[in-house]
K.L.:
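Got a structure here, written out as structure tokens. Questions coming.
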There are 2 protein chains.
Amino acid sequence: MDNRRRIIDSAKRLFWHHGYSTTSPKQVMADSGVGQGSFYHHFPTKPGLAQEVIAENGRDLVASVRAAMQGLPTGRDRLAAFLASAGDALGGCQIGGFAYDAGILAETDLREALGSAFTELAGLLTDVVREALDDGSLPPGLDPAKTAAALLAVVEGAFVVARATGRQASADEATAGALALLVAKG
Amino acid sequence: MDNRRRIIDSAKRLFWHHGYSTTSPKQVMADSGVGQGSFYHHFPTKPGLAQEVIAENGRDLVASVRAAMQGLPTGRDRLAAFLASAGDALGGCQIGGFAYDAGILAETDLREALGSAFTELAGLLTDVVREALDDGSLPPGLDPAKTAAALLAVVEGAFVVARATGRQASADEATAGALALLVAKG
DNA sequence: GTCTATATGTCGATAGAC
DNA sequence: GTCTATCGACATATAGAC
């Protein structure tokens, strides 16, 4: 119905799977079915569109991580559910791909939107690590922020390696290895 | 002296720090000081140049990891040295950035060169994990390949998160968290 | 091997009518 | 809000002389 929304939804998918700098406005028009005049009416510049896309993809990702953790009994279970979010790695992380895109990093606003998304995700994971320390599902002594940062990095790296090798198994090995490091300590 | 070498050296740095799709032949010419005629004589196509660049950057990376590990007493020390290779994360991984570049992934040859580089690095790390299990610096029971994959992912993810936040500290936290998971088990 | 000139397409937009 | 036409810049080469 709303062309503005159609544009954002297409751009979210295309920037996610195909990259920001390597996706043209024309491709977004074709995918969304919105004409050129309408497109530039709603989004006069490509970075302006990216600003909304990054923010929404960040929120979507945090929401899906929360949903995946929902109802799991222990903190460690919830961390395992986060690790499993690299289960479809070949498509790439909803926000991770922006970190290597020079067109994103060159624009201060976009870089900040990206940084905020990662900071929020790291904060969420830090809370869950704390819960896991409290409920005894992780052994005491671990630093919550550093442990959370390591788990976030494992997942982001799993996306990178899987896309580089073209094998989902590359991601699965990485997350399994990380889980084993958590579990074996308990 | 050798223009062909000048081109490769410039392209290695530019593709590494600025990305493949977001770096034009013209930028490589400017950086290397090689003229257009000479450039296209040596590299008729951009993917052809990328092929050599990816292979060399992969070899350089493996060599620098080996060098960083050189002479360290235990396997775990050598793995810690690998984790420290995310010590200058804002510039990006020498090969990790290619994994999110649609221009790379679309070309079969380039994707394979990239996959080979990662596979070799994973193999090297797997060997070191085995050595660590043998010398007792890591506790028994860990799967060598999965543990190596997890450590590789931590480093690749540390690059991603640090670039996204613009903070080297984001990478340092991740690698410190990973090291703590290894060390606390010992 | 290296040079300058030219070609062809796409990118990211702008103009102006409806 | 949406349409079609147009635009200047740049990307990625190619042509042909030296």
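Side-chain atoms are counted along with the backbone in the values below, which use heavy atoms only and exclude waters and symmetry mates. Every chain is numbered from 1 and lettered A, B, ... according to where its sequence line falls, protein lines coming before strand lines.
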K.L.:
In the structure I gave you, are the side-chain heavy atoms of B:L142 and A:L181 within less than 4.5 Å of one another anywhere?
P.N.:
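Yes, at least one pair of side-chain atoms sits under 4.5 Å.
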K.L.:
How many Å lie between CD1 on A:I7 and C1' on D:dG1, as a whole number?
P.N.:
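It works out to 11 Å between those atoms.
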K.L.:
Take the protein atom CG of B:D2 and the nucleotide atom P of C:dT2, then report the distance between them rounded to whole Å.
P.N.:
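Spelled out: CG on B:D2 to P on C:dT2 is 8 Å.
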K.L.:
Using whole Å, what does the distance between atom P of nucleotide C:dA13 and atom NE2 of A:H42 come to?
P.N.:
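My rounded result for the distance is 16 Å.
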K.L.:
Do A:R167 and A:S170 have side-chain atoms, one donor and one acceptor, less than 3.5 Å apart?
P.N.:
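Indeed, the side chains of A:R167 and A:S170 share at least one donor-acceptor pair under 3.5 Å.
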K.L.:
In whole angstrom, give the distance that lies between atom NZ of A:K46 and atom P of C:dA13.
P.N.:
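Rounded to the whole Å, the gap is 8 Å.
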K.L.:
In terms of side-chain heavy atoms of B:P25, which of D:dC3, C:dA13, D:dT12 is nearest?
P.N.:
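For the B:P25 side chain, the nearest candidate turns out to be D:dT12.
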K.L.:
For B:K26 and C:dT6, what is the distance between atoms NZ and C1' respectively, to the nearest whole Å?
P.N.:
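Going from NZ in B:K26 over to C1' in C:dT6 covers 13 Å.
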K.L.:
Using atom CE of B:M29 as one end and atom P of D:dA13 as the other, report the distance to the nearest whole Å.
P.N.:
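Distance, rounded to whole Å: 10 Å.
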K.L.:
Can you measure A:Q36 atom CD to D:dC3 atom P for me and round it to whole angstrom units?
P.N.:
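A:Q36 atom CD is separated from D:dC3 atom P by 10 Å.
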K.L.:
Please report the distance, rounded to the nearest Å, between NE2 in B:H41 and C1' in D:dC18.
P.N.:
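The answer, rounded to whole Å, is 14 Å.
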K.L.:
Look at the side-chain N and O atoms of A:S24 and state whether any lies under 4.0 Å from the OP1 or OP2 oxygen of C:dT10.
P.N.:
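No, no such contact exists.
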K.L.:
Map A:G37 and A:Y20 onto DNA chain C by nearest heavy atom, then report which one ends up closer to the 5' terminus.
P.N.:
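Its nucleotide being nearer the 5' end, the pick is A:Y20.
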K.L.:
Closer than 3.5 angstrom, by distance alone: can the side chain of A:K46 be matched with the main-chain N or O of A:T23 as a donor-acceptor pair?
P.N.:
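Indeed, once roles are kept as given, a pair shorter than 3.5 Å links the two residues.
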K.L.:
Looking at A:Y100 versus B:Y100, is the centre-to-centre ring distance below 6.0 Å?
P.N.:
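No: the rings miss the under 6.0 Å criterion.
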K.L.:
Compare side-chain N and O positions of A:N3 against OP1 and OP2 of D:dT2 and report whether any pair is under 4.0 Å apart.
P.N.:
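Yes, such a contact exists.
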